[in-house]
Each structure stands twice: as C-alpha cells, then as structure tokens.
Amino acid sequence: MTKQEKTLLLVDGNSVAFRAFFALQNVSSFTNHAGLHTNAVYVFKKILDNILKKYSPANVLVAFDAGKTTFRTKKFTDYKGGRSKTPGELSEQFPYIKQLLVAYGIQNYELTDYEADDIIGTLSRQGEKAGYQVVVVTGDRDLTQLATEQTTVAITQKGFSEIEEYTPAHVQEKYGLVPKQIIDMKGLAGDNSDNYPGVTKVGEKTAIKLLKQYDSVEGVYEHIDEMKKSKMKEHLIEDRETAFLCKDLATIKTDAPLTIGLDDTKRQEADTEKLRTFYEELDLNSFLQELTGEDPTAQQDFTALDVTALTSENLADVPVPANQTVTFYLEMDGKNYHKAPFVGFVFEINGEYFASRDVELLQSKPLVEFLTQPEIKVDVFDSKRTIAGLNRLGITLTGIDFDLLLVSYLLNNTENSDDLGELAVVHGYRQVKSDEQFYGKGAKRAIPTDDDQLFAHLTHKVAAIAALKTELFQELADNEQEDLYWKMELPLAQVLAKMEIAGITVDTDRLEQMKSEFKERLAQIEQEIFNEAGEEFNINSPKQLGHILFEKLELPVIKKTKTGYSTAVSVLEKLRGMSPIIDNILAYRQLAKLQSTYIEGLLKVVFDTDQKVHTRYTQTLTATGRLSSVDPNLQNIPVRLEEGRKIRQAFVPSHPGWQIFSADYSQIELRVLAHISGDEHMQAAFREDRDIHANTAMQIFGLDSEDEVTPNIRRQAKAVNFGIVYGISDYGLSQNIGITRKQAKQFIETYFEKFPGVKKYMDEIVQHAREQGFVETIFHRRRYLPDINHKNFNLRSFAERTAMNSPIQGSAADIIKVAMINMDRQLTEKQMQSRMLLQVHDELIFEVPNEEMADFQKLVNQVMDSAVELAVPLKVECAHGKTWFNAK
DNA sequence: ACTTTCACG
DNA sequence: ACGTACGTGAAAGTT
C-alpha cells in the first residue's frame with residue numbers, strides 16, 4: 001500500500017467488545033467505585049489504540065449490532081439461537097464503549113434489522129470504490145470473506161496486542177480458498193457459534209475439500225450426480241436446502257441501506273476534557289495518567305501537605321512524638337539498597353512532616369533517637385530495605401510497628417507490587433504516585449533537583465503508610481494473621497537484613513581460574529560443533545541451532561515452540577546417537593551456562609570493598625511464602641552435576657580457621673504432607689525413620705521387604721512422591737518417568753488406595769478452595785485461587801494443583817522461617833561468633849569458627865528440630881567443610 | 001519486552 | 001477433548 005492512499009478502518013464493535021471482555025474476564029478488580037465492570041472498556045481501548053497506531057486511518061467507523069432480530073432471524077428463527085446470553089457484566093459496558101468512541105472522535109453506527117457485519121461489508125465496498133485502503137477489525141473469522149486486494153481483515157487474537165491480517169493471499173494459505181468461498185464453506189459446514197447447521201457430518205475440512213473441487217455450493221450441487229456413492233453424498237442431497245440457506249445466512253451484505261456515508265466516518269479530534277471525565281467516572285487511572293502525561297501539575301490533585309525542609313540549623317524544631325509513633329521513609333535511587341545512592345528521607349511526627357536530602361542528619365540527636373529507641377514505634381514501607389539502608393549510616397533501626405509492604409503481602413500476595421504507590425492504589429488510597437510515575441522509567445528516569453517536588457512525593461508516601469495502617473492491621477486480625485506478621489515475617493525481615501549485610505565471601509581467584517579453563521574448553525567444543533555442522537553459527541541462538549539441526553542436518557523434529565523448533569535438553573537427549581553434534585551441543589550448553597551465569601555473572605556482583613556477594617532476599621514476592629534471592633541468586637548455585645558443583649568451591653568463610661556449615665531439612669515437604677493430611681501410613685513411615693521413597697515403592701508395587709526395592713523402582717516411587725506434592729496428574733507423571741499415561745494413572749490410583757489420608761486431604765483442600773477462594777498454610781499464610789471455579793479446563797486444573805501444593809510448599813517455608821528466627825536469637829543470646837549466611841528453601845548455610853563447631857552442631861540440630869511441633873518428627877542433616885563445596 | 005533455556009528447592 | 005507437573009532468577013537472543 002502506498003503512503004498516499006487513505007485508510008478506512010471499520011471495526012466490528014460487538015465482536016471486539018466480546019473479545020475484550022473475555023480477555024480479562026477473571027480480573028475482578030476491574031470495577032469502578034459504583035460497581036460497574038470496566039474490563040471490556042479497558043481492553044477495547046487498548047485494542048483501539050493499537051490499531052489506530054498501526055494503520056493511522058483518516059476515516060474510522062465502529063459498527064454495532066442493532067438488536068436481537070435482523071433479516072437473518074426472519075429467514076432462520078434459530079439464528080444465533082444456541083448462543084448463551086451476553087453476560088450482564090458485558091452488556092452494561094456497551095453504552096460506555098460508545099461514550100469512549102464519542103470522546104475519541106470516532107463515529108459509531110448501528111442499523112435496525114442488520115448486523116455490524118453488514119454495515120462493515122457495505123462500507124468496505126464503498127470505501128474501495130472511493131479509493132481507500134480498507135482495514136476491517138473483528139474477532140470473527142466470517143468476515144474474512146470481505147478480503148480483497150484493497151481490503152484487509154484483521155482478526156484480533158487472544159491477547160490484546162496481536163492481530164492476524166487476512167489478505168486474499170493469507171486466506172488462500174490458511175484455507176486454500178479465495179475469500180468469497182468462505183461463504184460457501186460456512187454454507188456447507190455451518191457455524192456453531194451462530195447456530196446454523198450446514199450439511200450433516202460436513203465440517204470445515206470436508207467443506208474445503210469439496211470447494212477445491214467444485215468451487216462453490218452451487219458447483220457442488222451441479223456435479224452431485226458425478227459423485228460416487230457415499231454417506232456424504234446422501235447427506236449433501238438430503239441437506240441441499242439447508243446448505244443454500246446457510247450460505248445465504250453467512251453472506252455479508254454489501255448493499256445494506258445505510259443512512260450514513262463515507263463522509264461521516266472522517267475521524268475527528270479527540271476531546272480531552274470528555275476523555276478525562278470519562279476515565280474519572282470509570283476509575284481508569286492508568287488512562288487518566290496517560291492522558292495527563294508527565295504533567296507535574298497532576299500533583300495538584302493531591303491534598304498539599306506542609307513539609308519542613310530539615311537542616312542542621314532547625315533540628316531542634318523536631319518535636320517529641322506524643323503518641324510514641326513515627327512514620328519514616330528512606331529513599332534510595334535504585335533497587336539494590338546495599339549500594340544505591342541515598343536520595344533523601346522524610347518522617348512524620350504528630351502530624352508534622354520533615355524532609356531532607358541530607359541523610360547524615362539522621363545520625364544526629366533527635367532523629368537517631370526515634371529510630372533506635374525500641375519504645376518509639378516506627379511505621380515504614382519496607383522493613384528490610386529500611387534496616388539495610390540505615391545500617392549503611394551506622395543506625396540500627398528498632399521498634400518497627402507497621403510495615404505496609406509486608407502486611408500487604410500477607411493479606412494478598414496476588415497483587416503484590418513492591419512499589420508503594422501501586423500498592424496504595426490496591427488498597428484504595430490514591431493520594432500518592434508510583435515511583436515510575438514520579439521519577440519516570442528507563443532512560444527518562446531522574447531524581448528531581450527541585451526540593452519541593454521531591455519532598456512532596458516522599459511526604460505523600462509517608463502519608464500513605466499512615467493512612468493505611470489501621471485498616472490493614474484490622475484485615476490482618478480478621479484473617480487470623482497477626483501472629484504470622486508479628487512472630488514470623490517482621491522478625492524475619494530483621495534476620496534477613498543481617499544475613500544480606502553479612503554477605504558471603506567469594507574466592508574470586510578460584511573463579512578466574514575456572515573461567516580461563518572453561519574458556520579453552522568452550523573454544524574446543526565450539527570448533528568441533530562447527531566442523532560437524534559444516535559452518536559457523538551462534539550455538540546460543542535457538543533459532544540458528546534449530547536451523548542447523550532440523551533443516552541442514554535433517555534430524556527429526558521432536559517438539560516445537562511457538563517461535564520454532566525446540567532445542568531443549570529433553571529434545572536433544574532423544575536425538576543422541578543420531579549425530580555426534582548432539583553430545584557436543586549438550587556439553588557446550590552445560591559449560592556455557594556455568595561460564596556466563598555462574599562464573600562471569602558472579603564475578604560481576606562481588607563487592608570490591610569486602611570480596612563478598614550481598615544477595616537480596618525478596619520477602620514479598622512468591623505466591624507460596626518462600627523467599628527468592630536476587631543479585632545474585634544464591635538459591636540456584638549448581639549442585640546436581642559434579643562439574644557445576646565445583647562453583648561452590650568459590651564460596652568460602654570470611655575468616656581463616658572457619659568453616660562453611662550446611663544444615664538441611666530432610667524430606668520437609670513430605671513430612672508436612674504427612675502432618676496436614678493425617679495419613680496414618682505416611683506418618684508411621686516417618687516416625688520409624690524409614691526411607692520414604694522405598695516405603696512408597698513397597699506400597700505401590702506391593703512388595704514385602706525393602707530388599708525388593710531396586711534402584712529403578714525407588715526412582716519411580718520418588719517421582720510419584722514428588723508428583724503428589726505438586727498436585728498430581730497422570731500426564732505429568734508419565735512425562736517425568738517415561739511411562740504411559742495409563743501406567744501413571746494406575747500408580748496414582750494405587751497410591752491413593754494405600755495412602756487414603758492423602759487422598760482425603762487432596763479432595764478436601766480443593767473443595768475448601770472452591771468454597772473459600774483461598775488455601776492456607778499451618779501458620780495461616782493465604783493463597784487466593786481466583787481460577788478454581790473457572791470454566792476453562794486448563795486454568796481450573798492449574799488452580800486445583802496449586803490448591804494441593806501451596807499449603808505444603810508454604811508450610812515448609814513457614815517452618816524454616818521460624819527456625820531462622822530462633823537460630824538468630826540463640827546465636828545472639830549465646831554470643832556466638834557463627835553467622836547465618838544463606839537460606840535455600842529447606843537448607844541453611846552458616847560460617848562457623850572451628851572452636852565453636854561442636855556447640856554449634858548441637859545448637860543447630862536442636863533449634864531446627866524443634867521449630868514446630870508436627871505429628872511427625874523433623875529431621876536435619878548437617879555437613880561442614882572449608883568451602884560450600886566441601887560441606888556435603 | 002518477550003522467549004527460550006537452564007540452574008536450584 | 002482438553003494438555004499440565006509446584007515454586008523461583010539470570011543470561012542470551014530476538015522483536
């Protein structure tokens with residue numbers, strides 16, 4: 001299409017609105033203050049923006065269906081009959097979608113007795129005659145019949161940013177038909193969604209075959225006598241009338257008696273004022289933000305707060321906190337609070353706000369006092385971040401009362417942003433911007449040089465913390481989560497901060513040594529691969545590698561991804577032996593991973609001040625209650641393969657004469673399952689300290705003694721145990737251990753017969769989730785499962801497995817958190833030098849001086865064993881050595 | 001910014 | 001018939 005040509009955009013309003021509605025159907029938060037649903041409006045607007053941007057049309061029209069009855073229902077009473085009623089949540093949004101269009105300056109139109117399709121069909125032909133390039137946007141494939149050299153039909157896809165464009169060539173490629181034959185196809189095959197039947201037993205495939213031969217419905221019947229005798233022929237003859245009727249129904253009118261013309265579709269300027277009122281009424285804040293842009297005057301919407309700029313001169317003006325509570329916020333420029341530059345701070349005492357960029361003021365008298373005296377309570381946004389930041393100034397923050405981030409995470413970990421502004425909005429508080437809104441993002445991000453602007457933002461943050469305290473504490477109490485907060489998460493934040501600050505020492509020389517060794521080996525393998533491939537290419541590129549393996553070397557395709565051939569390990573393993581290149585690629589992959597992620601990656605994040613890495617544990621991220629570790633991630637350091645495990649040689653104690661000590665909970669998840677399910681057999685196995693996988697093997701294979709359990713049988717039983725913890729499915733298990741689905745199903749059935757308590761737990765927990773909408777750990781940590789009653793099988797099944805797994809994984813996470821808090825307390829009380837360094841889900845890593853080793857060993861066992869009292873004992877396995885590698 | 005792959009529990 | 005194991009983070013390539 002040449003640039004001079006004008007574009008006419010025709011949108012099927014009903015169809016796109018339907019797509020929009022179902023794209024975000026399960027997001028219950030899409031309602032405005034009056035309870036009106038807004039999901040369809042939201043997505044419709046997104047799609048509209050997308051296509052407007054893509055096609056820059058001079059003329060636009062959105063067509064809607066006029067009502068229930070049309071000329072089609074007169075011909076065929078059941079037309080669209082089987083269709084379930086439009087949900088009320090969607091139909092209430094149609095008037096608003098039209099309002100949106102008006103504000104956008106876009107014509108919308110409907111015509112009695114006709115469907116949106118017919119309006120579009122008619123205008124598209126008028127547009128073509130007037131020399132327009134026409135684009136039709138719809139979710140309905142029927143409209144592809146309109147495609148011509150001048151008209152493209154764009155079908156909206158599942159997500160809302162993608163569309164598939166049907167030109168005549170694309171229709172040909174997809175169906176092997178010309179666009180107008182789509183009508184004939186519908187005539188023969190019918191259309192389920194519009195509820196017209198077509199010819200009995202003829203579906204899309206058969207219809208296409210017939211049309212390739214006979215061109216049209218008419219053609220089929222002209223040649224019907226030539227066809228050899230078949231069931232299909234009988235059906236065709238019998239349903240002749242239906243076929244013609246259906247073709248007629250499927251035909252989109254191109255001559256509807258429109259009362260508007262092309263001139264009326266000219267796009268007008270958007271009315272910003274109208275849009276603003278509209279977004280405000282619907283509480284579509286992100287659009288409101290987009291509309292006002294980075295206009296700093298948007299701040300005017302917020303109630304202005306008086307803030308005193310603090311200097312060394314007026315420190316004495318800071319009052320004594322009357323109610324013994326202060327709200328405090330420390331701003332740093334960047335995520336990594338172990339090194340991010342300080343931006344400033346603000347605090348509120350007795351309703352007065354004080355702010356400054358000079359964080360050293362915090363070290364002076366009245367300020368350091370309220371931060372460090374335990375009887376003065378401090379409310380913050382993120383305890384751990386604040387503790388670690390202040391620690392850099394030599395200040396030990398004590399007396400934390402309310403932590404907005406932590407409480408918010410406990411209440412609902414599905415909407416868990418780590419941005420104060422975003423989180424405040426989740427809880428209905430809007431008088432504060434998100435950092436992205438205020439500072440900008442990417443290259444545009446900047447800290448304002450103007451004090452008033454910066455202090456205003458920080459002050460609004462503090463005000464938000466204070467405003468939400470009472471309400472969120474009340475919700476915590478309602479959920480019976482007070483202990484979880486006070487006895488677990490809040491003290492844990494303190495412990496984690498200490499671990500992060502302590503850091504773990506890295507032997508960079510060892511890493512450098514490995515790096516050059518790996519470099520050589522990689523070069524060697526690379527050369528062999530190039531020789532075997534007969535050319536040089538980027539082995540790290542799945543695309544290029546796929547091309548070499550499956551096109552050039554013509555190896556069989558095992559699996560495809562949505563972008564091309566899969567080259568994952570599971571695939572390569574199946575290709576082993578077919579070409580020597582495979583083994584080399586596997587070796588290359590393994591080494592390259594170690595080199596880039598663990599050797600080079602780790603070296604990049606070692607602090608040059610102390611030769612340590614200081615990871616950050618994300619305490620408010622996972623859906624189950626586990627921690628995660630970033631920058632670097634120390635929870636996925638290689639261990640399974642010997643080659644990778646050597647990376648652990650680089651993790652060493654910070655003092656000579658000390659050792660790395662590892663303590664891990666043995667089978668903690670299965671023990672938790674034995675506890676919460678109350679299953680007698682499983683509990684007995686743990687009480688008698690039996691090999692749990694061998695025990696399972698004996699049960700499901702009906703063996704009498706442990707001697708009969710071969711390694712292979714044990715391996716299968718182990719996979720079954722894992723499967724049970726993950727929320728089992730026959731398919732998943734069969735994939736994992738390479739058996740048929742039927743066999744897997746048999747295993748599971750036998751398992752449930754032998755462990756009826758587990759079966760009962762699985763059924764009950766899913767039922768609980770259906771009724772309550774959430775599941776809980778033994779410490780009342782919640783996980784909400786909005787999809788548990790979803791009509792989509794996959795989403796629902798996923799929610800069901802999650803319901804089974806989360807209480808198990810989450811309770812195990814709770815237990816080790818308790819152990820960490822107790823361990824930290826004991827080390828402090830006993831004034832021991834040993835330090836807790838890392839947590840890897842079911843394992844704690846310490847550094848211990850040799851002279852403390854015996855005492856420490858005793859202590860760690862005692863503390864971890866007694867973290868909680870379960871119906872089965874907890875078991876801890878310990879090891880130590882001169883590096884992490886040797887602690888095995 | 002998204003996708004693929006792969007490291008861990 | 002549907003098409004999956006549960007929970008994470010980092011690197012590299014591609015768009």
Side-chain angles (χ1 to χ4, degrees), chain A residues 159 161-162 413 441-442 537-546 559-572 585-586 588-602 604-605 615-618 621-641 643-645 647-648 664-669 673 719-737 741 744 748 775 783 791-810 812-813 816 838-844:
Chain A
S161 54
E162 270 179 46
N413 53 22
K441 70 168 168 181
F537 65 101
N538 186 345
I539 308 168
N540 287 319
S541 159
K543 198 178 163 194
Q544 293 181 37
L545 181 60
K559 205 169 100 185
K560 286 199 143 201
T561 65
K562 53 182 127 166
T563 51
Y565 310 110
S566 171
T567 65
V569 165
S570 61
V571 171
L572 296 183
I585 288 167
L586 285 166
Y588 181 90
R589 278 261 178 90
Q590 201 196 323
L591 275 184
K593 175 83 178 175
L594 293 175
Q595 183 78 313
S596 66
T597 304
Y598 295 104
I599 297 182
E600 292 168 353
L602 213 48
K604 266 186 245 166
V605 291
T615 186
R616 286 170 357 258
Y617 290 101
T618 326
L621 182 141
T622 70
T624 54
R626 275 191 177 179
L627 301 174
S628 84
S629 158
V630 292
D631 208 11
N633 179 358
L634 293 179
Q635 292 181 321
N636 71 346
I637 301 299
V639 68
R640 291 172 193 171
L641 299 173
E643 193 79 48
R645 191 173 197 150
I647 301 282
R648 296 180 174 224
D664 74 271
Y665 276 118
S666 164
Q667 308 295 352
I668 189 163
E669 292 194 344
L673 176 59
V720 173
N721 279 336
F722 270 100
I724 294 290
V725 169
Y726 292 156
I728 198 140
S729 77
D730 49 13
Y731 183 86
L733 180 64
S734 71
Q735 287 298 298
N736 195 293
I737 50 179
R741 225 171 110 167
I748 295 164
V775 291
R783 178 163 187 183
K791 61 179 171 35
N792 179 303
F793 175 87
N794 286 324
L795 291 177
R796 188 177 65 247
S797 301
F798 184 37
E800 286 169 359
R801 293 196 295 274
T802 312
M804 300 184 230
N805 171 265
S806 290
I808 301 172
Q809 193 185 114
I816 197 163
L838 307 176
Q839 188 251 43
V840 191
H841 309 307
D842 61 358
E843 162 183 33
L844 296 176

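Sequence lines set the chain letters: A, B, ... in the order given, protein chains first and strands last, and positions in each chain run from 1.
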So, for Ile816(A) and Glu843(A), which heavy atoms are closest and what is the spacing to 0.1 Å?
-> CD1-N, 3.5 Å
Separation of dT3(B) atom C1' from Leu545(A) atom CG, nearest Å, is 15 Å
Nearest whole angstrom, please: distance from the C1' of dT5(B) to the CG of Leu641(A).
-> 15 Å
According to a strict under-4.0 Å criterion, is Arg589(A) in side-chain N/O contact with OP1 or OP2 of dC6(B)?
-> yes
Heavy-atom nearest nucleotide on DNA chain C taken for Arg626(A) and for Val630(A); more 5' hit belongs to Arg626(A)
dC6(C) base stacked by Tyr726(A)? Criteria: ring centres under 5.5 Å, plane angle under 30°.
-> yes
Closest non-hydrogen atom pair, Thr622(A) against Asn413(A) | O-ND2, 4.0 Å
Side-chain donor/acceptor contact of Asn540(A) with base of dA12(C) under 3.5 Å = no
For Ile539(A) and dT4(B), give me the distance from atom CD1 to atom C1', rounded to whole Å.
-> 16 Å
Closest nucleotide among dG3(C), dA5(C), dA11(C) to the Ala719(A) side chain = dA5(C)
Report which part of the nucleic acid Leu733(A) touches: base, sugar-phosphate, or nothing (heavy-atom distance under 4.0 Å, all strands).
-> base
Between dG9(B), dA5(C), dT4(C), which one does the side chain of Asp730(A) approach most closely?
-> dT4(C)
Indicate yes or no for a side-chain donor-acceptor contact from Arg648(A) to the backbone of Ile637(A) under 3.5 Å, with no hydrogens or angles considered.
-> yes
Describe the nucleic acid contact of Ser729(A) in one word from base, sugar-phosphate, nothing, applying a heavy-atom distance below 4.0 Å.
-> base
Round to the nearest Å and state the distance from Ile808(A) atom CD1 to dG7(C) atom P.
-> 12 Å
Short side-chain N/O contact from Asn538(A) to OP1 or OP2 of dG13(C), under 4.0 Å | yes
Under 5.5 Å between ring centres and under 30° between planes: true for Tyr731(A) and the base of dT4(C)?
-> yes
Look at the side-chain N and O atoms of Arg640(A) and state whether any lies under 4.0 Å from the OP1 or OP2 oxygen of dC8(B).
-> yes
d(CG, Asn633(A); P, dT8(C)) in whole Å | 12 Å
Any idea which of dA12(C), dA5(C), dT5(B) is nearest the Ile728(A) side chain?
-> dA5(C)
C1' atoms of dC6(B) and dC2(C), separation to the nearest Å | 29 Å
Is there a donor on the side chain of Gln635(A) or the base of dC8(B) sitting less than 3.5 Å from an acceptor on the other?
-> no
Sugar-phosphate only, base, or nothing, as touched by Arg741(A) at under 4.0 Å among non-hydrogen atoms = base
Please state whether the phosphate of dT14(C), meaning OP1 or OP2, lies under 4.0 angstrom from any side-chain nitrogen or oxygen of Ser541(A).
-> yes
Choosing from dT3(B), dA7(B), dG3(C), which nucleotide comes nearest the side chain of Lys562(A)?
-> dT3(B)
Tyr617(A) side chain vs Gln839(A) backbone, donor-acceptor pair below 3.5 Å = yes
side-chain N/O Arg783(A) vs dG7(C) OP1/OP2, d < 4.0 Å | yes
Testing dA5(C), dT5(B), dG9(C) for proximity to the side chain of Asn636(A), the answer is dG9(C)
Check whether any side-chain N or O of Ser806(A) sits under 4.0 Å from OP1 or OP2 of dG7(C), and answer yes or no.
-> no
Phosphate OP1/OP2 of dT4(B) contacted by Thr563(A) side-chain N/O (<4.0 Å) = yes
Would you write the dot-bracket representation of DNA chain C, where each base gets (, ), [, ], | or . depending on whether it forms a Watson-Crick or G-U pair under 3.5 Å and with which partner?
-> .....|||||||||.
Should Ser566(A) be listed as having a side-chain N or O under 4.0 Å from OP1 or OP2 of dT5(B)?
-> yes
Hey, is the main chain of Pro542(A) close enough, under 3.5 Å, to the side chain of Thr567(A) for a donor-acceptor pair?
-> no
Among dA1(B), dG9(B), dC6(B), find the nucleotide with the atom closest to the side chain of Lys441(A).
-> dA1(B)
Min side-chain heavy-atom separation Val630(A)-Thr615(A) under 4.5 Å | no
How would you label the contact of Asp842(A) with the nucleic acid (heavy atoms, under 4.0 Å): base, sugar-phosphate, or nothing?
-> sugar-phosphate
Phosphate oxygens OP1/OP2 of dA11(C): is one of them under 4.0 Å from a side-chain N or O of Thr597(A)?
-> no
Presence of donor-acceptor pair under 3.5 Å, side chain of Ser628(A) and base of dT8(C) | no
d(NZ, Lys543(A); P, dT3(B)) in whole Å = 15 Å
Which part of the nucleic acid, if any, lies within contact of Leu621(A), taking any heavy atom under 4.0 Å across all strands shown: a base, the sugar-phosphate backbone alone, or nothing?
-> sugar-phosphate
Hey, is the side chain of Arg801(A) pairing donor to acceptor with the base of dT4(C) inside 3.5 Å?
-> yes
Short side-chain to backbone donor-acceptor contact, Ser797(A) and Glu800(A), under 3.5 Å = no
Side chains of Lys543(A) and Thr563(A): closer than 4.5 Å at any heavy-atom pair?
-> no
4.5 Å side-chain heavy-atom contact, Thr624(A) and Arg783(A) = yes
Test item: Val605(A) and Asp631(A) side chains (from C-beta on) under 4.5 Å apart, heavy atoms = yes
Sub-4.5 Å side-chain heavy-atom contact between Asn636(A) and Tyr598(A) | yes
Just checking Ala623(A): base, sugar-phosphate only, or nothing, at a heavy-atom cut-off of under 4.0 Å?
-> sugar-phosphate
Reckon Val840(A) touches a base, only the sugar-phosphate, or nothing at all at heavy-atom distances under 4.0 Å?
-> sugar-phosphate
Could you state the CG-P distance from Asp664(A) to dG9(B), rounded to the nearest angstrom?
-> 9 Å
Euclidean distance, atom CG of residue Leu602(A) to atom P of dC8(B) [Å, nearest integer] | 14 Å
Which is true for Gly723(A) with a 4.0 Å heavy-atom rule: it touches a base, it touches only sugar-phosphate, or it touches nothing?
-> base
